[in-house]
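Structure first, commentary second.
Remember, predicted model here, so these are calculated numbers, not experimental data.
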Amino acid sequence: MDDVRLEDLVGDWLPLPDVAERLGTDVGKVRRMLADGSLIAVRLGERQVLGVPVALLHGDDGVLPYLTGTITVLRDSGFSDEEAMAWLFTPDASLADLPGGPATPVEALRAGFKTEIRRRAQALAL
């Protein structure tokens with residue numbers, strides 16, 4: 001990530017209680033989603049509060065489609081949650097070749113390019 005802080009790279013974050021409210025569930029369920037890899041969060045700021053990027057949520061009712069499988073591939077490739085988050089949100093000029101020209105892997109996932117993003121994530125392990 002060089003000199004770019006993860007907090008700045010991602011932009012908009014939600015603490016777990018806000019994620020739970022947005023998903024219409026409780027914080028315990030959000031913590032289970034973190035544990036089972038359906039969602040990822042990192043500790044932010046001086047208070048080290050767990051935060052989830054808003055971009056990982058889909059509307060007001062769920063988690064971004066294809067995120068769970070992508071998290072699994074990144075973890076299987078040896079990425080920590082912080083490293084996975086950085087990879088998902090780091091601009092990648094090579095993605096501009098995809099229709100719509102997404103700038104980051106998370107934008108490509110939002111556009112439905114799960115196979116391409118997972119292929120790239122798998123290649124990172126090699």
Side-chain angles (χ1 to χ4, degrees):
M1 277 188 321
D2 299 318
D3 295 328
V4 179
R5 292 177 355 139
L6 187 56
E7 291 92 342
D8 298 328
L9 187 64
V10 170
D12 295 327
W13 297 86
L14 291 173
L16 297 191
D18 292 354
V19 173
E21 182 177 325
R22 187 160 170 180
L23 298 178
T25 190
D26 58 74
V27 175
K29 169 91 191 265
V30 174
R31 288 188 183 282
R32 286 189 295 281
M33 292 171 74
L34 295 172
D36 72 16
S38 301
L39 192 60
I40 55 175
V42 296
R43 297 208 173 268
L44 304 167
E46 289 180 24
R47 293 183 32 225
Q48 294 293 290
V49 173
L50 277 172
V52 173
V54 172
L56 299 184
L57 302 177
H58 185 266
D60 287 331
D61 59 353
V63 175
L64 179 64
Y66 317 123
L67 181 64
T68 302
T70 304
I71 291 169
T72 299
V73 170
L74 290 166
R75 285 179 174 171
D76 288 351
S77 296
F79 279 58
S80 68
D81 286 351
E82 291 82 8
E83 292 166 333
M85 190 92 64
W87 183 78
L88 285 167
F89 285 89
T90 298
D92 181 343
S94 71
L95 293 173
D97 295 338
L98 297 174
T104 63
V106 76
E107 289 174 2
L109 280 178
R110 293 185 75 79
F113 296 107
K114 82 169 184 182
T115 303
E116 178 63 21
I117 295 306
R118 289 183 187 167
R119 183 188 63 75
R120 289 170 186 245
Q122 285 175 324
L124 295 171
L126 302 178

Can you give the donor-acceptor pairs under 3.5 Å from side chains of residues 94-112 to other protein atoms, not counting sequence neighbours?
from	atom 1	to	atom 2	distance (Å)
Ser94	OG	Asp92	OD1	2.6
Ser94	OG	Asp92	OD2	3.4
Ser94	OG	Arg120	NH1	2.6
Thr104	OG1	Glu107	N	3.2
Glu107	OE1	Ala103	N	2.8
Arg110	NH1	Ala55	O	2.6
Arg110	NH1	Leu57	O	3.2

| field | Where Arg43 and Glu7 come nearest, the two heavy atoms and their spacing | value | O-OE2, 4.4 Å
| query | Run the side-chain contact (heavy atoms from CB on, under 4.5 Å) check on Phe89 and Asp8 step by step: do they pass? | reply | CA-CA 10 Å; Phe89 285 89; Asp8 298 328; over 6 Å; no
Could you list the donor-acceptor pairs under 3.5 angstrom formed between side-chain atoms of residues 45-52 and any protein atom two or more places apart in sequence or on another chain?
from	atom 1	to	atom 2	distance (Å)
Gln48	NE2	Gly45	O	2.7

| said: Can you tell me how far apart CG (Leu6) and OG1 (Thr90) are? Round to the nearest 0.5 Å. | reply: 8.5 Å
| Least distance between heavy atoms, Gly11 atom then Trp13 atom | O-CD1, 3.0 Å
| request: Can you spot which of Asp18, Leu14, Val19 makes a side chain to side chain contact (heavy atoms under 4.5 Å, CB included) with Val54? | output: Leu14
| query | Would Ile71 end up clustered with Val73 when hydrophobic side chains under 4.5 Å apart are linked, directly or stepwise? | reply | no
| Just by modelled atom types, is the Ala121 backbone N or O under 3.5 Å from a matching donor or acceptor in the Trp87 side chain? | no
| note | One should read off an interatomic distance between Glu116 CD and Arg119 CZ, to the nearest 0.5 angstrom, of 4.0 Å
| request: I would like to know whether Leu34 and Leu16 meet side-chain contact (heavy atoms from CB on, under 4.5 Å); could you show each step before the answer? | output: CA-CA 10 Å; Leu34 295 172; Leu16 297 191; 3.9 Å; yes
| Is the shortest heavy-atom distance from the side chain of Leu23 to the side chain of Met33 under 4.5 Å? | yes
| Do Ile117 and Tyr66 come close enough that some side-chain heavy atom pair is under 4.5 Å? | no
| task | State, yes or no, whether a side-chain contact exists between Thr70 and Leu88 at a heavy-atom distance under 4.5 Å. | result | yes
| query | Just wondering, do Arg75 and Asp81 contact through their side chains at under 4.5 Å, heavy atoms? | reply | yes
| request: State the CG-CG distance between Leu39 and Leu67, to the nearest 0.5 angstrom. | output: 6.5 Å
